[in-house]
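By convention in this document, chain letters (A, B, ...) are assigned in the order of the sequence lines, proteins followed by strands, and residues within each chain are numbered from 1. Keep in mind it's a predicted model, so treat the numbers as computed, not measured.
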Amino acid sequence: MTAIAGAAVAGLQIVTVDEVPRHGRIAALVVGLDQRQVWYVPVVHEQEACLQLKDVLNRFKGFFEAARPSKIGFNQKADYLALAAHGIQLQGIDWDLLVAAYLLNSGVRSPSLEALASDVMHRTIEGREALFGTGKTAMTCDQVEIARAAAFFGERMRVTLELQPLLQAQLVRLGNAELFRDLEMPLVPVLAEIEMAGVAVDLPYLQQVSRELYDQLRRLDQEIEDVAHGPINVNSPQQLARFLFEDLNLPGGRKTKSGYSTDATVLEGLREQHPVVGKILEYRQLSKLKGTYVDALPLLVDSRTHRVHTSFNQTVAATGRLSSSDPNLQNIPIRTEVGQKVRRAFIPGRTGDLLLSADYSQIELRVLAHMTDDPVLVDAFARGEDIHARTAAEVFGIPQPEVTANQRRLAKVVNFGLFYGLSDFGLARDTGMSTEEARVFIDAYFRAYSRVREFLEGIKIQAREQGYVETVLHRRRYIQDIRSPNRMLRQAAERIAINMPVQGSAADIMKLAMIRLQRYLQEQHLESRMILTVHDELVFEVPPAERDHLIEVVPDQMATAYPLTVPVQVDLKLGPNWQDMERVRLVAAKA
DNA sequence: AGGATCACGCACG
DNA sequence: AACGTACGTGATCCTC
């Protein structure tokens, strides 16, 4: 114990029985100082005598809660969560191999330690399946012999310790050591805290919505089956295609691998041809919302906290964004009326508290302005203009007051499409203009915004010559197929290359803001909690007494997290749930 | 029979 | 089929 406490760095893993570290069902601790000194401390093994968890945690508490030794691990958010369940705040989370591996190659979705050992050290180690088995017969950690578990986790710890300096050297070589140390690693406990905070949902309300949707769905299903003269599963694209394109003889359009497509755009095109099509579209929409959100969310409410605790994944998205799963709280509906009903279910956990939502306004276009230094784009943001109206004015060569609503709409589609590597074909599909008109429109856009065109061309060249592209903080994404002789593959690679620096830089900025704000809330001993992050939006749960304080600090910290050459603007909304929110304040940080 | 995986469709930024 | 995600359902393949 003395040797451990006195070390500068130590490997650490908290082994849990189940896959939800937040539950804190700790099976064992693994601690390692070097290849020769690795300890496996079992606390829950069914067949054998173990140490008492309480005693073990007490012995190690000082080690956990001290910034030194620095802890090395693999997926340290899980360690933090498992210990937090026992009231221990893990400190010194300095070196997570999972996070490092992600920075080194964000294209590999959540690399395993096995894969790292193989790729970096050319060494084969046992995977979890070898010890626990797979599928229904899989054992949990507590069902395995201590000796076998100790050998398995001990080897992983030795590999972890051996890999760490190798990965560190690679981070330095790539120029990513600072991004790792100052952004991604500090973010680890921030995400864990957000997950632990969770978000409250209004269960009785959701139940009521579920009943309403059930009735509507039954009615629609009946009406559809009346037309079909028999039972049909509207959820089955196969059955639906047979019904529409064989029984009703409607004109089939696009094909999928297994037949005619029945997706929403196809059905929209058939709406006028038969009244049943509208009913199918409505059925689809309601069924999606009911199944994915209204009925699924209540099942994920934690019985102890009465809240939903998502997982924020830091090592999945190739652009540097975070993702959310179990449940995904980053795709809660907002666009349709029924969707908004779902959003109303997200509420503060305590009566009287409020939800505060702060979102970056046009962050990607501002990042684009910053990266390109395009004089027109920079000027528009500097003046605080309506960016889509300005774009329309530039493209059509008319004064801004004369821009029609339709012209603005077209400009908006282009402004969004830019980040996706817009094609004339795509623009035509989204706007209803001809491909030829779309081509002319895009040409006019790039004449007005020549620096944007040069920038996008430059990205493609960089991807081709270096094999990767990067964000403002030098986060990399390697681009496959960028030199492919296959035109389709190559163009797809070019679109990926164009998208990443902008989407990824926006993610960099958001991550910086999250770290600052979490630090601030903690230092000021505020009760307000950061509870969600949705790419360009942060949501907080706020007691009324702290309302004015947060309204001041949140947008300010977000807007100044990473100063751009254009102002960064943050919109602030406040309300009793995630839907019914009112604009409070609009903050723009000076460039 | 039941699990794993693919195909499709679609929710968000 | 313009970038990035997550996930539910049905259909189909695979294993016990």
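Contact annotation for A:Phe416: no contact, since no heavy-atom pair falls under 4.0 Å across all strands. Using a 4.0 Å heavy-atom criterion, one finds that A:Met510 contacts no nucleic acid atom at all. If you check every strand for non-hydrogen atoms under 4.0 Å, A:Val502 touches nothing. The residue A:Ser324 sits close only to the backbone: its heavy atoms come under 4.0 Å of sugar-phosphate atoms, none of a base.
Here C:dA6 presents its C1' atom at 10 Å from CG of A:Asn313, a figure rounded to the nearest Å. Distance A:Leu365 CG to C:dC3 P: 18 Å, rounded to the nearest Å. If you take CD of A:Gln480 and C1' of C:dC3, they are 16 Å apart, rounded to a whole angstrom. For the pair A:Leu286 CG and C:dG8 C1', the interatomic distance rounds to 15 Å; values are reported in whole Å. The CG atom of A:Leu532 sits 20 Å away from the P atom of C:dT5 (whole-angstrom rounding).
Under the 3.5 Å distance criterion, the side-chain polar atoms of A:Gln239 are matched with a main-chain donor or acceptor of A:Asn233. For the pair A:Ser505 (side chain) and A:Val472 (backbone), a donor-acceptor distance under 3.5 Å is present. Proximity of a side-chain donor or acceptor of A:Glu195 to a complementary backbone N or O of A:Phe312 within less than 3.5 Å is detected. Judged purely by atom type and a 3.5 angstrom limit, A:Arg529 has no side-chain atom pairing as donor or acceptor with the backbone of A:Ala197.
If you take atom C1' in B:dA7 and the same atom in C:dA1, they sit 15 Å apart, rounded to whole Å.
With the 3.5 Å cutoff on both pairing distances, Watson-Crick and G-U pairs in DNA chain C assemble into runs of at least 3 at B:1-9 with C:7-15, B:11-13 with C:3-5.
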Residues 575-589 of chain A side chain polar contacts: donor-acceptor under 3.5 Å, at least two apart:
| unit_1 | atom_1 | unit_2 | atom_2 | d |
| --- | --- | --- | --- | --- |
| A:Asn577 | OD1 | A:Gln579 | N | 2.7 |
| A:Asn577 | OD1 | A:Asp580 | N | 2.7 |
| A:Asn577 | ND2 | A:Asp580 | OD2 | 2.9 |
| A:Trp578 | NE1 | A:Glu537 | OE2 | 3.1 |
| A:Asp580 | OD1 | A:Arg344 | NE | 3.2 |
| A:Asp580 | OD1 | A:Arg344 | NH2 | 3.2 |
| A:Asp580 | OD2 | A:Arg344 | NE | 2.9 |
| A:Arg585 | NH1 | A:Ile551 | O | 2.8 |

Distance-only donor-acceptor hits, side chain of residues 206-217 of chain A, under 3.5 Å, sequence neighbours excluded:
| unit_1 | atom_1 | unit_2 | atom_2 | d |
| --- | --- | --- | --- | --- |
| A:Gln208 | NE2 | A:Glu212 | OE2 | 3.1 |
| A:Ser210 | OG | A:Asp295 | OD1 | 2.8 |
| A:Glu212 | OE1 | A:Lys341 | NZ | 2.9 |

Table please: side-chain donor-acceptor pairs of residues 489-498 of chain A below 3.5 Å, with sequence neighbours left out.
| unit_1 | atom_1 | unit_2 | atom_2 | d |
| --- | --- | --- | --- | --- |
| A:Arg490 | NH1 | A:Ser484 | O | 3.0 |

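Between A:Leu564 and A:Tyr562, the closest side-chain pair of non-hydrogen atoms falls below 4.5 Å.
The closest side-chain donor-acceptor pair between A:Gln314 and A:Glu184 falls under 3.5 angstrom. Residues A:Arg516 and A:Thr560 have side chains that bring a donor and an acceptor to within less than 3.5 angstrom of each other.
Taking the six-membered ring for Trp and the full ring otherwise, the centers of A:Phe416 and A:His388 sit less than 6.0 Å from each other.
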Point to revise | Protein proximity profile, nucleotides 6-13 of chain B - base contact B, sugar-phosphate-only contact S, no contact -, cut-off 4.0 Å on heavy atoms | key: -SSBBBSB

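Sorted by residue number, the list of members of residues 453-477 of chain A with any non-hydrogen atom under 4.0 Å from DNA chain B is empty.
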